[in-house]
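Data first, discussion second: the structure below is written as structure tokens.
The first residue in the sequence is number 1, and the count goes up from there.
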Amino acid sequence: MSAFDPVRSFRKLAYNNALANVRLYRACTLLQPGEFEAKRVSFFPSIKATLNHILTVDWFYVDALEGGTLGLKAFDIEEPYDRLDELTRQQADVDRRLVAFCEALTPENGMRIVDIQRGGRIQRERADDVLNHLFQHQTHHRGQVHAMLAGTSVAPPQLDEFVVADDARFRGDELATLGWDETKLMR
């Protein structure tokens with residue numbers, strides 16, 4: 001057995017994020033007309049608003065991790081997508097970017113300082129701290145969507161069957177959607 005590898009942990013979190021989003025977005029495709037944008041009780045007032053928020057924050061932080069300059073422009077439009085199919089494509093794209101970033105991560109560049117554009121200042125954080133923050137943010141708001149689904153015609157899907165080997169029997173559809181196999185997930 002190999003030693004603990006924090007880089008592997010970040011890769012697995014990126015894989016988990018992408019797999020959970022595939023499952024969550026698939027569940028959202030089953031919503032009845034009007035349920036996606038219906039007002040609900042949560043931090044954001046609808047499933048649509050919450051998924052858009054996850055996306056724009058992902059754009060913001062993934063761009064910063066990549067050394068980009070998108071900055072606060074990520075938030076120019078609070079809800080950039082009205083339709084679930086558009087939102088799904090954009091989320092899958094940023095999920096691929098995050099996976100690629102984490103697959104290229106090394107212990108050295110995990111400690112690299114990332115410049116994050118804030119209003120009138122630059123926030124400077126270690127890349128591994130930014131990743132931890134981003135994964136927590138995604139999980140937090142994905143959980144809110146999960147809870148909001150309980151008030152719709154769609155049962156909330158199981159979102160925690162992705163990172164341990166014993167759960168392989170539950171994630172085949174999501175792996176196939178992403179074009180992945182178990183060897184990618186377990187390395």
Side-chain angles (χ1 to χ4, degrees), residues 1-31 42-43 47 50-51 53-66 84-85 87-112 114 125-150 152 154-187:
M1 180 172 279
S2 358
F4 173 71
D5 180 1
V7 172
R8 179 178 184 267
S9 296
F10 285 119
R11 272 197 320 267
K12 296 222 15 162
L13 287 168
Y15 296 157
N16 179 76
N17 174 67
L19 289 160
N21 282 338
V22 166
R23 188 173 286 179
L24 184 63
Y25 275 79
R26 185 176 293 142
C28 288
T29 66
L30 303 174
L31 291 167
S42 194
F43 191 82
I47 293 170
T50 306
L51 290 176
H53 173 71
I54 294 169
L55 175 66
T56 57
V57 171
D58 282 2
W59 283 343
F60 178 73
Y61 284 112
V62 171
D63 178 75
L65 287 162
E66 294 169 334
L84 181 62
D85 60 337
L87 192 53
T88 301
R89 279 192 297 279
Q90 293 297 320
Q91 186 63 57
D93 179 62
V94 76
D95 289 348
R96 279 189 292 279
R97 291 170 50 205
L98 182 56
V99 164
F101 181 85
C102 289
E103 286 179 337
L105 196 63
T106 65
E108 295 75 30
N109 64 22
M111 294 186 305
R112 171 180 67 82
V114 175
E125 302 286 350
R126 282 176 41 149
D128 57 349
D129 289 337
V130 174
L131 284 168
N132 278 316
H133 174 75
L134 180 57
F135 289 126
Q136 175 61 32
H137 180 267
Q138 294 163 337
T139 302
H140 169 69
H141 288 296
R142 215 174 13 246
Q144 292 172 341
V145 173
H146 188 267
M148 285 188 274
L149 282 173
T152 72
V154 177
Q158 189 73 24
L159 293 179
D160 62 352
E161 298 172 334
F162 300 115
V163 296
V164 296
D166 192 60
D167 286 340
R169 66 187 183 273
F170 302 118
R171 60 179 169 249
D173 289 344
E174 293 79 17
L175 285 173
T177 297
L178 292 167
W180 297 352
D181 62 23
E182 285 295 322
T183 58
K184 177 182 183 85
L185 196 59
M186 289 295 121
R187 61 185 172 105

Q.
I need the single residue from N21, N16, D95, D58 that forms a side-chain hydrogen bond (donor to acceptor under 3.5 Å, both in side chains) with Q138. Which is it?
A. D58
Q | Atom pair CE/OG1 of M111 and T106 - distance to nearest 0.5 Å | A | 8.0 Å
Does [X] reach the main-chain N or O of [Y] with its side chain, forming a donor-acceptor pair under 3.5 Å?
X    : Y    : answer
D128 : L131 : no
T139 : Q136 : no
R126 : G110 : no

Any side-chain heavy atom of [X] within less than 4.5 Å of one from [Y]?
X    : Y    : result
W180 : R171 : no
T88  : C28  : no
F101 : R97  : no
R26  : D173 : yes
L24  : R142 : yes

Q. Closest heavy-atom contact between H137 and I54?
A. CE1-CA, 4.4 Å
Q. Do the rings of H141 and F43 sit parallel, tilted or perpendicular, given the 30° and 60° boundaries?
A.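 The arrangement is tilted - the two ring planes meet at 30° to 60°.
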